Asks: 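Take a look at this one; I'll ask things after.
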Amino acid sequence: MSAAYLLDVGNVSKVFRLQKRTVRAVHRASLRVREGESVGIVGESGSGKSTLGRCAVGLLRPDEGAVRFLGTDLTRLSNKQMRAQRRHMQVVFQNPSTALNQRMTVGRNILDPLLIHRVGTRMQRGVRVFELMEQVGLSPEYANAFPFELSGGQQQRVMIARALALDPKLLLCDEVLSALDVSVQAQILALLLDLRRDRGLSMLFISHNLPAVEVLSDVIAVMYLGEILEMGRTEDLLANPRHPYTRVLFDSVLDIPESKAARKALRPLPGEMPSPYEIPNGCVFHTRCPVAQDVCRREVPQARTLDDDRQVACHYV
Ligand SMILES: Nc1ncnc2c1ncn2[C@@H]1O[C@H](COP(=O)(O)OP(=O)(O)OP(=O)(O)O)[C@@H](O)[C@H]1O
Ligand SMILES: [Mg+2]
C-alpha cells in the first residue's frame with residue numbers, strides 16, 4: 001500500500017444471504033482515494049454502490065478483500081478499534097428526516113458525536129456546535145429548533161454539520177441530494193464543494209445525478225451488478241467513455257428531460273439489469289452489451305489500466 005492513499009479498497013466482495021438465496025452485492029471491487037480527492041460512484045439502482053461505500057467506511061465488513069485507511073486494514077480491526085477509526089470517516093445519507101433524531105434539538109443532534117467521543121469541555125463543545133452551524137450555513141437561532149421544524153435542505157445541513165463535528169478525513173455522501181428540490185440540491189452541492197476546498201476533505205460521492213458527480217468528483221467509478229467496470233479521471237471519462245456500459249449509461253442520463261412526467265417515461269437503458277441472484281457468466285454486462293461476442297459470454301474480462309490511468313474491464317477495449 002502506498003501512503004499516498006487515504007483509502008485503499010482492494011478486491012472487496014460482499015454477499016448477502018437471504019434465506020435460501022444469496023445476492024452478490026459487490027464483487028472484487030478496488031478503488032483508491034487520495035487525501036483531498038473525491039471519488040464519485042455511479043451505476044443503476046442495485047449495482048452495489050451503497051454496499052461498496054459502506055464497506056469502504058467500515059459500516060459493513062466485506063467477505064473478501066482489504067480496506068486500508070491510512071495504512072490500517074479496517075477488515076482486521078476489532079469492533080472497538082473500528083469505533084475509534086470511524087470518527088475519521090463520516091457518512092451523510094439520503095434522508096435527513098430519518099437520520100436525525102427528531103426528539104432532540106438541532107444543536108443537540110450536532111453535539112451528539114462530540115459527547116459520544118468525549119471531545120473537549122462542555123464549553124468547547126458548545127462553541128464547536130455554533131462553529132459547525134456557521135460552516136454549513138445554518139443560522140444560530142436554529143440551535144434550539146427541532147429537525148421537523150426545518151426544511152429538507154436545512155435538515156441536510158444539520159446532517160452535514162453533525163458529520164463534520166469530529167473533523168473527519170473522509171465523508172461518504174450516499175444520495176445526499178436525491179430527497180431535495182432541485183434548487184436546494186444546487187445549494188447543498190455548493191456547500192459540499194466549499195467544504196472540499198476549505199477543509200481538504202476527501203469524499204466518496206454516490207449519486208444518480210451525473211452532473212453533480214461531475215462537478216464534485218476527481219475520479220468516477222462506474223458500477224454494474226457489483227463490479228466496477230470502468231474508472232478514470234472525471235474529464236477523461238466523460239469526454240471519452242471506453243466501456244460499452246459507461247457509454248450507454250452516460251447517453252441515457254446526460255439528456256434528462258425537464259418535466260417530471262417525461263422523466264418517468266425515460267427508460268434508463270435498453271433491456272433490464274439481470275437479477276442479482278443470477279449473475280451472468282463471463283462479462284456481467286454481456287446480456288445487454290451492443291458489442292458482445294462469444295468470448296464475453298465465456299470469460300470474465302480482467303480490469304486493465306490504459307494509457308490515461310483509465311481502468312476498464314472489457315475484452316474489446
Ligand atoms: N442488507 C442487505 N440485505 C440483503 N440484500 C441487500 C442488502 N443491502 C443491499 N442488498 C442487495 O445488494 C444489491 C446491491 O445493493 P446496493 O444498495 O448496494 O445498490 P445501490 O447501487 O446502492 O442501489 P441504489 O441506487 O438503489 O441505492 C442489491 O441487489 C440489493 O438488493
Ligand atoms: Mg444505494
Side-chain angles (χ1 to χ4, degrees), residues 7 9 11-31 33 38-65 67 74-75 89-99 156 159 163 170-180 185 188 192 203-214 216-217 219-231 243 245-246 248-250 252-253 256 263-264 266-269 271-280 284-285 287-288 313:
L7 179 74
V9 176
N11 271 313
V12 156
S13 300
K14 182 74 192 174
V15 169
F16 292 107
R17 292 187 172 75
L18 306 157
Q19 282 136 18
K20 286 186 185 147
R21 304 217 274 188
T22 57
V23 185
R24 200 181 84 172
V26 173
H27 188 65
R28 299 199 182 135
S30 298
L31 58 81
V33 186
S38 174
V39 175
I41 306 177
V42 300
E44 284 164 272
S45 185
S47 57
K49 305 179 296 294
S50 296
T51 306
L52 179 60
R54 297 172 84 105
C55 288
V57 299
L59 282 177
L60 268 180
R61 253 178 224 277
D63 303 320
E64 274 175 26
V67 178
L74 302 182
T75 63
M89 301 167 273
Q90 296 290 318
V91 188
V92 183
F93 289 113
Q94 173 172 359
N95 213 329
S97 59
T98 51
Q156 198 55 293
M159 272 311 297
L170 179 74
L171 201 60
L172 166 63
C173 297
D174 193 348
E175 299 288 358
V176 296
L177 304 177
S178 46
L180 307 173
Q185 286 181 6
I188 297 294
L192 292 173
M203 288 189 195
L204 278 176
F205 188 77
I206 297 173
S207 180
H208 284 107
N209 181 335
L210 193 63
V213 174
E214 181 183 352
L216 209 74
S217 313
V219 170
I220 298 179
V222 181
M223 289 191 79
Y224 186 80
L225 278 179
E227 298 186 18
I228 295 179
L229 294 186
E230 181 164 11
M231 182 157 54
H243 196 288
Y245 177 61
T246 316
V248 278
L249 181 72
F250 286 4
S252 71
V253 292
I256 294 169
R263 272 206 297 279
K264 275 217 177 102
L266 185 79
R267 281 197 63 88
L269 281 186
E272 297 269 329
M273 187 159 80
S275 150
Y277 304 110
E278 288 155 31
I279 305 280
V284 280
F285 186 56
T287 58
R288 289 161 95 189

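Everything numeric in this text was worked out from a predicted model, so none of it was measured. For the single chain, residues carry numbers from 1 onward in sequence order. As the structure lists them, so they are numbered: ligands from 1, and atoms in each ligand from 1.
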Asks: Please report, to 0.1 Å, the donor-acceptor pairs under 3.5 Å made by any side chain of residues 47-57, with sequence neighbours excluded.
Replies:
from  : atom 1 : to     : atom 2 : distance (Å)
Ser47 : OG     : Glu44  : O      : 2.7
Lys49 : NZ     : Gly43  : O      : 3.0
Lys49 : NZ     : Glu44  : O      : 3.1
Ser50 : OG     : Asp174 : OD1    : 3.4
Ser50 : OG     : Asp174 : OD2    : 2.7

Asks: Is it true that a side-chain atom of Ser13 and a backbone atom of Glu64 form a donor plus acceptor pair closer than 3.5 Å?
Replies: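 Such a contact is absent between Ser13 side chain and Glu64 backbone.
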Asks: Show the atom names and distances, to 0.1 Å, of all donor-acceptor pairs under 3.5 Å that link a side chain in residues 14-27 to residues at least two apart or in another chain.
Replies:
from  : atom 1 : to     : atom 2 : distance (Å)
Lys14 : NZ     : Arg61  : O      : 2.7
Arg24 : NH2    : Glu227 : OE2    : 2.8

Asks: What is the number of protein N, O or S atoms that sit under 2.8 Å away from the Mg ion (ligand 2)?
Replies: 1
Asks: Measure from the side-chain N and O atoms of Ser38 to the backbone N and O of Leu216, and report whether any donor-acceptor pair falls under 3.5 Å.
Replies: yes
Asks: Quick one: does Ser217's side chain have a donor or acceptor within less than 3.5 Å of a partner on Glu214's backbone?
Replies: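 No, because the side chain of Ser217 does not come within donor-acceptor range (under 3.5 Å) of the backbone of Glu214.
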Asks: Atom CE of Met231 and atom CG of Leu31: how far apart are they, to the nearest 0.5 Å?
Replies: 5.5 Å
Asks: Walk me through it: do Ser207 and Asn209 pass the test side-chain hydrogen bond (donor to acceptor under 3.5 Å, both in side chains)?
Replies: CA-CA 5 Å; Ser207 180; Asn209 181 335; 5.1 Å; no
Asks: Within the distance-only criterion (no hydrogens, no angle test), does the side chain of Glu230 pair as donor or acceptor with the backbone N or O of His243 below 3.5 angstrom?
Replies: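 Pair found, side chain donor or acceptor close to backbone of His243.
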Asks: For ligand 1, give me the residues whose heavy-atom distance to it is below 4.0 Å, by chain and number please.
Replies: Phe16, Leu18, Val23, Ala25, Glu44, Ser45, Gly46, Ser47, Gly48, Lys49, Ser50, Thr51, His208, Pro276
Asks: Verify, without hydrogens or angle tests, whether Glu175 (side chain) and Gln94 (backbone) share a donor-acceptor contact under 3.5 angstrom.
Replies: no
